[in-house]
Amino acid sequence: MWLAGMAVNSTSQLFKSLLVTSELIDGQNRGRLASSSLYDICTRVHDCILKSGMDQNPYVANKLMRVYIRCGKVQDARHVFDKLVKKNVFNWTTMIGGYAEHGRPADAIEVYNQMRQEGGRPNEVTYLSILKACACPVGLKWGKEIHAHISHGGFRSDVPVQTALVNMYAKSGSIKDARLVFDEMAERNVITWNVMIGGLAQHGFGQEAFSLFLQMQEEGFVPDSTTYLSILTATACSSAGALGWVKEVHRHAVKAGFDSDMRVCNALVHVYSKSGSVDDARLVFEGMLDRDVISWSAMIGGLAQNGCGHEAFSLFLKMQREGVIPNVTTYVSILTASASAGALEWVKQVHNHARKAGLGSDFRVCNALVHMYAKSGSIDDARLVFDQMSVRNVFTWNAMIGGLAQHGCGQEAFSLFLRMRREGVVPDAITYMSILNASASTGALGWVKEVHRQAVQAGLDSDVRVGNALVHMYCKTGSISDARLMFDGMVERDVITWTAMISGLAQNECGQEAFSLFLQMQREGFIPVATTYASILNVCTSTGLAMVEEI
DNA sequence: CTAGGGTTAG
């Protein structure tokens with residue numbers, strides 16, 4: 001407000017106000033002012049600029065655009081940009097960068113193409129900005145074109161530009177192209193390695209990410225905290241076999257002194273939990289000197305998902321005693337616990353906390369509550385939350401329908417399934433899987449056939465989870481021929497598919513057929529699980545000992 | 001004078 005009251009009429013004063021404004025936003029003062037009041041100041045300065053005719057000065061216009069973009073008002077920046085008759089490379093780059101920052105690749109590309117049409121020459125910074133805009137799945141087709149421009153424009157040996165290319169390909173889903181560009185680079189820096197490692201990790205190539213991590217050190221590069229964060233990216237490490245190299249990365253991090261870096265430790269807690277070693281996660285967590293809400297949420301989520309719901313809850317209470325306020329993620333994390341006896345008690349308490357924190361009607365929290373209440377045995381509480389929700393998506397419906405199915409309320413699940421469709425929500429594979437399970441309680445073959453027909457119509461019958469449920473349900477409703485038809489027609493089968501078919505056959509007195517399928521599954525490389533053996537052993541007890549010996 | 005490649009929870 002102090003600025004709003006200032007008399008801004010001379011050119012020098014105008015510059016001063018603009019620079020002060022932009023420094024407020026760009027500099028260390030960022031965050032001290034609400035963005036609404038920044039925007040207010042910005043529009044006032046803009047008015048003055050217009051009055052003085054300085055709006056055609058590319059330098060002034062650029063400063064103004066930056067400030068608008070930082071306020072989140074890209075449209076206002078575009079307005080300044082469009083009014084600018086003579087644009088320099090800074091104006092073009094700022095506009096493209098503004099769209100990039102706000103995740104608008106199509107608009108960025110539009111400006112970039114306009115620039116080229118009007119004879120503007122992109123420089124390395126322009127390419128960095130446009131590549132950042134294209135670093136998303138929809139950006140790939142444009143990113144490829146820009147790659148060609150860059151190669152022709154003589155930026156082949158520019159490390160930042162080439163790194164941005166690697167990043168663009170990785171983020172837009174074309175990890176192979178990312179690797180191609182990376183391998184062709186004659187010169188790299190730590191950021192280049194981080195981008196490549198992070199890209200591989202995010203695509204689930206944990207092993208490759210790890211070997212690059214070793215290779216970068218052989219070539220004399222020192223990993224920084226970003227390297228550790230990139231390699232520890234959650235998705236890459238969620239697979240079972242990952243634990244070994246997570247421990248290896250951890251050892252490196254300790255040796256390099258990053259075991260006191262909170263962000264690195266947070267990532268370690270998360271990754272250890274994901275790879276199933278909640279003990280290692282706990283060790284890291286307990287060794288931390290500082291913990292933020294992410295540390296607590298990661299540990300709580302890790303415990304919850306690894307069957308330690310009670311401990312997750314007591315940690316949830318402890319974090320609050322230590323003055324850390326849970327956020328939506330904390331609530332969602334704790335509420336995606338695996339089911340365990342006595343969970344309902346603490347779920348209700350978490351629900352209460354959420355209500356008191358004003359998150360009781362948060363969409364994500366409610367989804368998790370419906371899911372968790374159903375899982376921990378209180379279908380009524382699940383329904384209560386479900387009914388009071390004003391917005392529901394397919395996850396909400398799935399949680400409720402699946403919960404009802406598991407509680408043997410097939411009739412109710414089915415009517416909810418019909419209502420979901422009336423309300424225009426499109427069922428996915430999980431919905432069909434749940435509704436098929438609901439048929440178990442009614443034992444009606446007619447339902448299974450009807451749901452099967454609809455799944456075919458929706459093109460979801462080729463989903464292995466839906467197929468498994470169909471095989472299972474056909475067996476359960478006694479139609480072994482339909483089950484076999486489904487089984488034989490499946491394009492993809494997993495160990496659950498085989499086990500469902502084998503146990504269906506076993507239970508329907510087709511011991512011989514069950515046994516030959518049991519042998520066939522192993523010939524095709526599937527390893528039987530406990531349930532598979534249990535089913536096949538049932539057959540053996542009824543048909544004689546010859547088969548048992550073979551097993 | 002101005003634009004700037006990578007960054008942890010779900």
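Residue numbers begin at 1 in each chain, while the letters A, B, ... track the order of the sequences.
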(request) Rounded off to whole Å, could you give me the CG-to-P distance for the A/Leu64 and B/dA3 pair? (result) 13 Å
(request) Mind listing the residues from residues 216-227 of chain A sitting with a heavy atom below 4.0 Å of DNA chain B? Number order is fine. (result) A/Asp224, A/Thr226
(request) List for me each residue that meets salt bridge (Lys or Arg N to Asp or Glu O under 4.0 Å) alongside A/Lys247, sequence neighbours excluded, and say none if there are none. (result) A/Asp280
(request) Calculate the interatomic distance between A/Glu101 atom CD and B/dG5 atom C1'; express it in whole Å. (result) 14 Å
(request) Kindly write out the residues that satisfy ring-ring contact (aromatic ring centres under 6.0 Å, His included) with A/Phe90, not counting sequence neighbours, or none if the list is empty. (result) none
(message) If you only use heavy atoms from C-beta on, which nucleotide in B/dG10, B/dG4, B/dG6 is closest to the side chain of A/Arg66?
(response) B/dG4
(request) Taking only the side-chain nitrogens and oxygens of A/Asn167, find out if one of them lies under 4.0 Å from OP1 or OP2 of B/dG6. (result) yes
(message) Tell me the interatomic distance from A/Phe213, atom CZ, to B/dG6, atom C1', rounded to whole angstroms.
(response) 16 Å
(request) Taking only heavy atoms on the protein side, list every residue of residues 353-367 of chain A lying under 4.0 Å from any atom of DNA chain B, sorted numerically. (result) none
(message) By nearest atom, which of the nucleotides B/dG5, B/dT8, B/dG10 is closest to the A/Ser333 side chain?
(response) B/dG10
(request) Could you go through the side chain to side chain donor-acceptor pair (under 3.5 Å) check for A/Ser273 and A/Gln305 one step at a time? (result) CA-CA 8 Å; A/Ser273 303; A/Gln305 271 135 51; over 6 Å; no
(message) Just to be sure I understand the rule, does A/Lys87 reach a base, reach only the sugar-phosphate, or reach nothing, if contact means heavy atoms closer than 4.0 Å?
(response) nothing
(message) Quick check: do A/Gln217 and A/Val222 have side-chain heavy atoms less than 4.5 Å from each other?
(response) no
(message) Could you check whether A/Asn189 and A/Thr192, counting side-chain N and O atoms only, form a donor-acceptor pair closer than 3.5 Å?
(response) yes
(request) Report the relative orientation of the aromatic rings in A/Trp397 and A/Phe386; use parallel for angles under 30°, tilted for 30 to 60°, perpendicular for over 60°. (result) perpendicular
(request) Could you identify which residues of residues 151-162 of chain A place a heavy atom less than 4.0 Å from some atom of DNA chain B, listed by residue number, or say none? (result) A/Val159, A/Pro160
(request) Quick one: label A/Thr94 by what it contacts on the DNA or RNA (base, sugar-phosphate, nothing), any heavy atom closer than 4.0 Å. (result) sugar-phosphate
(request) List in chain and number order the residues that pass side-chain hydrogen bond (donor to acceptor under 3.5 Å, both in side chains) with A/Gln114, two or more places apart in sequence or in another chain; answer none if no residue qualifies. (result) A/Glu118
(request) Whole angstrom is fine here: how far is it from CG in A/Leu84 over to C1' in B/dT2? (result) 12 Å
(request) Would you please confirm or rule out a distance under 4.0 Å between OP1 or OP2 of B/dT8 and any side-chain N or O of A/His270? (result) no
(request) For the pair A/Trp193 and A/Phe221, name the ring-plane relationship: parallel under 30°, tilted 30 to 60°, perpendicular over 60°. (result) tilted
Indicate every side-chain donor-acceptor pair of residues 167-175 of chain A with a distance under 3.5 Å to a residue at least two apart or in another chain.
{"residue": "A/Asn167", "atom": "OD1", "partner": "A/Lys171", "partner atom": "NZ", "Å": "3.1"}
{"residue": "A/Tyr169", "atom": "OH", "partner": "A/His147", "partner atom": "ND1", "Å": "2.8"}
{"residue": "A/Ser172", "atom": "OG", "partner": "A/Met168", "partner atom": "O", "Å": "2.8"}
{"residue": "A/Ser172", "atom": "OG", "partner": "A/Tyr169", "partner atom": "O", "Å": "3.3"}
{"residue": "A/Ser174", "atom": "OG", "partner": "A/Asp177", "partner atom": "OD2", "Å": "2.5"}

(message) Can you list everything that forms a salt bridge (Lys or Arg N to Asp or Glu O under 4.0 Å) with A/Asp107? Sequence neighbours excluded, please.
(response) A/Arg104
(request) For B/dG6, take OP1 and OP2 only and decide whether either is under 4.0 Å from a side-chain N or O of A/Arg188. (result) no
(message) What is the distance, to the nearest angstrom, from the CG atom on A/Asp292 to the P atom on B/dG10?
(response) 13 Å
(request) Round to the nearest Å and state the distance from A/Ile300 atom CD1 to B/dT8 atom P. (result) 20 Å
(message) Can you pull out the residues from residues 121-141 of chain A that lie within a 4.0 Å heavy-atom distance of DNA chain B?
(response) A/Asn123, A/Val125, A/Leu128, A/Lys132
(message) So that I know where these two stand, are A/His250 and A/Tyr272 an aromatic pair - ring centroids less than 6.0 Å apart?
(response) yes
(message) I'd like to check the salt bridge (Lys or Arg N to Asp or Glu O under 4.0 Å) partners of A/Arg465; sequence neighbours left out, ordered by chain and number.
(response) A/Asp463
(message) Tell me the interatomic distance from A/Asn91, atom CG, to B/dG4, atom P, rounded to whole angstroms.
(response) 13 Å
(request) State whether the aromatic ring of A/Tyr59 stacks on the base of B/dT2, taking stacking to mean ring centres under 5.5 Å apart and ring planes under 30° to each other. (result) no
(message) Tell me the interatomic distance from A/Asn88, atom CG, to B/dA3, atom P, rounded to whole angstroms.
(response) 11 Å
(request) Just jot down the side chain to side chain contact (heavy atoms under 4.5 Å, CB included) partners of A/Asp428, sequence neighbours excluded, or say none. (result) A/Val394, A/Asn398, A/Ile430, A/Thr431
(request) Tell me which nucleotide among B/dT2, B/dG5, B/dA9 gets nearest to the side chain of A/Thr329. (result) B/dA9
(message) If the condition is salt bridge (Lys or Arg N to Asp or Glu O under 4.0 Å), which residues does A/Asp82 pass it with, not counting sequence neighbours?
(response) A/Arg78
(message) Side chains of A/Val159 and A/Met185, heavy atoms from C-beta outward: is any pair under 4.5 Å?
(response) yes
